[in-house]
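Shown next, in C-alpha cells, is the structure this report addresses.
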Amino acid sequence: MATSINSTVLGWKYSSFFSQSNAFNAVSPPFKPKPPLSKFSLTCSAASSSSDPLLVKAARGDPVSRPPAWMMRQAGRYMAVYRKLAEKYPSFRERSETTDLIVEISLQPWKAFRPDGVIIFSDILTPLPAFGVDFDIEDIRGPVIHSPIRSEEDLKTLHPIDFDKLKFVGESLKILRQEVGGHAAVLGFVGAPWTIATYIVEGGTTRTYTTIKSMCHTAPHVLKTLLSHLTQAIADYVIFQVESGAHCIQIFDSWGGQLPPAMWERWSKPYIKEIVHLVKKKCPEVPIVLYINGNGGLLERMKDTGVDVIGLDWTVDMADGRRRLGSGIGVQGNVDPAYLFSPLAALTEEIQRVVRCAGPRRHILNLGHGVLVGTPEEAVAHFFEVARSLQFDTLFPSNTAKNPNLVT
C-alpha cells in the first residue's frame, strides 16, 4: 500500500463569506462574518487530452469504444478485505479521515475488479468540521450533529472552509492519481447544498425532513444564508479536490428527490447551478456528474444546471431517460443493484440492455444506486468483465444511426 506524502495544502481567493447572488434571492447576513482564511494561488488543468482516462472522455462526449464503468459505493462492506480492515479500525471517521486508510480502501475494488473510475473513500459530511459544523457518527443513529443550525444566532458558528483540516483528502487524491496512473479516472465527490443542509438542520438523518421543509417557510432567510454559505464552501472543496488529483467530480443531491419538483427548483437547483458555475470558471475541462436519488420527476429540471452528466437511479428506464434528456448531455447508470444478486446471465442481459438504451456516446455505466451490503463479489467482478467486453461497433453497427435511442 502507498504511504502518505507530505504536501502543501492548496487554496484560492475566497469570495466574501456570505456574498449573495440574484440566483439565491437571499437577504444580507444578520451578523458580522469572520475574516477569511489564508489565501493561496490555484490553477486547474485547462485542456482535454487524448491520454485522458476513458471515463473522462465519455463524460465530455468524446468518442469511445465502450462504456466506462464504475459503481457507487464500490468500496465498502460487501468486500471481505474491507470488513477485515474495519475490524481493525472500527471507527468510520478514522477510516475516512486517515490518508493511508483512505488510499487502501479506495484501491481495494481497483485491485480486485479494475473499474474505470476509482472514487475516493470519504463521506459527503467529511468537510463539515472544516467550516464550523462538528459531527459524530454513531453505530445505530448514524451521523449526529449536536448543534443544528436553525436560527440567525446558530449561523455564527460558520466560517470559510479551512483546508488545513482536510489535508488527508488532498493527500489521498494525489496518491490515488499516482497509483492508478492513466488507467482509470480518479473521482472526487461532494454533497449538494440542500442535502448537506438537511443533516445540519435536522441534526442528523431523518425520514420526514419536516424541520428543514418547515424552515423553507418559517425562516427562509436563515436557510438561504446557510445554503449560500454551503454553496461557496462546496465549490471551493470541489476545486481543491480537482487540484489535488480528481479527474471528475460527482455531486450527490441524495435528498433532493425528497422535495416536490417546484421546491427543488427553488431550494436546491440554484445552489447546484452556482457550484457548477464557480467550478467551471476555474476548471472548465473537469466533468461534473449530478446524481439525485429518486430523480424521475426532476430529469428535465436537472438538465440546465450546467453539469456534464446526469446519473439515473434504477427507477427510471434508461431509454426513457435518454429520450427526455436528449443527446447533448451525458447519462450515468442505471442497473438495479439487486441484479447483482441474480444469476450472472440475467445480470449480463440487463447490462447490455442498459447500454443499448443509453447509446454509444456520453454514457457511463453504473448502478442506479450504491452497491448493497451482502452483494456477491463474484457478481461485481462479472459486472466489470461484461463492461470491458462490450464494443460499440458491435452493439451499434453504422446503419443503426437512425435508431432514436442512439446518440450520434
Side-chain angles (χ1 to χ4, degrees), residues 3-18 33-42 44 89 91-106 119-138 142-149 154-177 186-193 195-197 199-201 203-204 226-246 249 251-252 275 278-279 282:
T3 56
S4 61
I5 58 176
N6 293 322
S7 63
T8 301
V9 69
L10 300 175
W12 42 91
K13 183 177 181 180
Y14 290 100
S15 298
S16 177
F17 175 26
F18 281 109
K34 297 178 182 179
L37 301 172
S38 300
K39 300 174 183 178
F40 301 87
S41 174
L42 174 124
C44 287
Y89 303 97
S91 167
F92 177 82
R93 290 286 298 273
E94 182 180 10
R95 295 195 299 273
S96 62
E97 297 179 10
T98 305
T99 300
D100 288 349
L101 297 179
I102 294 170
V103 171
E104 181 174 356
I105 294 169
S106 302
I119 189 166
I120 184 173
F121 183 77
S122 187
D123 191 86
I124 60 172
L125 300 186
T126 293
L128 266 60
F131 53 76
V133 181
D134 292 325
F135 73 97
D136 295 320
I137 296 182
E138 299 180 0
V144 176
I145 293 171
H146 297 290
S147 299
I149 293 178
D154 296 335
L155 288 167
K156 294 180 180 179
T157 64
L158 299 174
H159 57 73
I161 192 165
D162 179 359
F163 289 103
D164 282 337
K165 296 182 178 180
L166 293 168
K167 287 183 178 180
F168 55 88
V169 173
E171 291 171 352
S172 298
L173 286 167
K174 288 180 174 69
I175 297 170
L176 291 173
R177 184 74 174 252
V186 173
L187 306 175
F189 69 92
V190 295
T195 289
I196 298 298
Y199 291 96
I200 294 174
V201 170
L226 172 61
L227 290 168
S228 297
H229 173 68
L230 292 175
T231 296
Q232 184 64 56
I234 292 167
D236 290 346
Y237 187 41
V238 169
I239 297 170
F240 171 73
Q241 291 186 47
V242 172
E243 181 63 16
S244 298
I249 297 291
I251 299 174
F252 285 90
I275 288 171
L278 292 171
V279 172
K282 292 183 178 290

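Just the heavy atoms: all of them, side chains too, but no hydrogens, waters or symmetry mates, feed the values below.
A donor-acceptor pair under 3.5 Å is absent between the side-chain atoms of Glu97 and the main chain of Phe168, judged by distance alone. Remark: side-chain polar atoms of Ser244 are not paired, donor with acceptor, to backbone N or O of Lys174 under 3.5 angstrom.
Heavy atoms only, all atoms of each residue included: Pro193 and Thr231 are closest at CG-OG1, 3.6 Å. The minimum heavy-atom distance linking Leu227 with Ala197 is given by the pair CD2-CB, 3.8 Å. Here the closest non-hydrogen pair linking Val279 and Ala235 is CG2-O, 4.0 Å. Contact record, Ile120 with Leu173: CD1-CG, 3.9 Å, taken as the closest heavy-atom pair. Residues Ser106 and Leu176 share a closest heavy-atom pair of CB-CD2, 3.8 Å. Closest of all the heavy-atom pairs between Ala192 and Ile251 is CB-CG2, 3.9 Å.
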Step by step, work out the side-chain contact (heavy atoms from CB on, under 4.5 Å) result for Val169 and Phe163.
CA-CA 9 Å; Val169 173; Phe163 289 103; over 6 Å; no
Report the C-alpha distance between Leu278 and Ile239 in whole Å, list the side-chain angles of each, state the deciding distance to 0.1 Å, and finish with yes or no for side-chain contact (heavy atoms from CB on, under 4.5 Å).
CA-CA 9 Å; Leu278 292 171; Ile239 297 170; 5.5 Å; no
Would you check, one step at a time, whether the test side-chain contact (heavy atoms from CB on, under 4.5 Å) holds for Ile196 with Val133?
CA-CA 11 Å; Ile196 298 298; Val133 181; over 6 Å; no
Would you please test Val190 and Ile275 for side-chain contact (heavy atoms from CB on, under 4.5 Å) and show each step?
CA-CA 11 Å; Val190 295; Ile275 288 171; 5.7 Å; no
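In this structure Ser122 satisfies the side-chain hydrogen bond (donor to acceptor under 3.5 Å, both in side chains) test together with Thr126, sequence neighbours excluded. Take Ser91 and apply the side chain to side chain contact (heavy atoms under 4.5 Å, CB included) test, not counting sequence neighbours, and it matches Arg93, Glu94.
Atom CG of Leu158 and atom OG of Ser228 lie 11.5 Å apart (nearest 0.5 Å). A distance of 9.0 Å separates CD1 in Ile175 from CD1 in Ile102, rounded to the nearest 0.5 Å. If you take OG1 on Thr195 and CD1 on Ile234, they are separated by 9.0 Å, rounding to the nearest 0.5 Å.
For the pair Phe240/Ile161, no side-chain contact is recorded, criterion being any heavy-atom separation below 4.5 Å from C-beta on. Between Leu125 and Ile137 there is no side-chain heavy-atom pair separated by less than 4.5 Å. Side-chain atoms of Thr98 and Tyr89, non-hydrogen and from C-beta on, never get closer than 4.5 Å to each other. Looking at Thr99 and Ser172, their side chains come closer than 4.5 Å, going by heavy atoms from C-beta outward.
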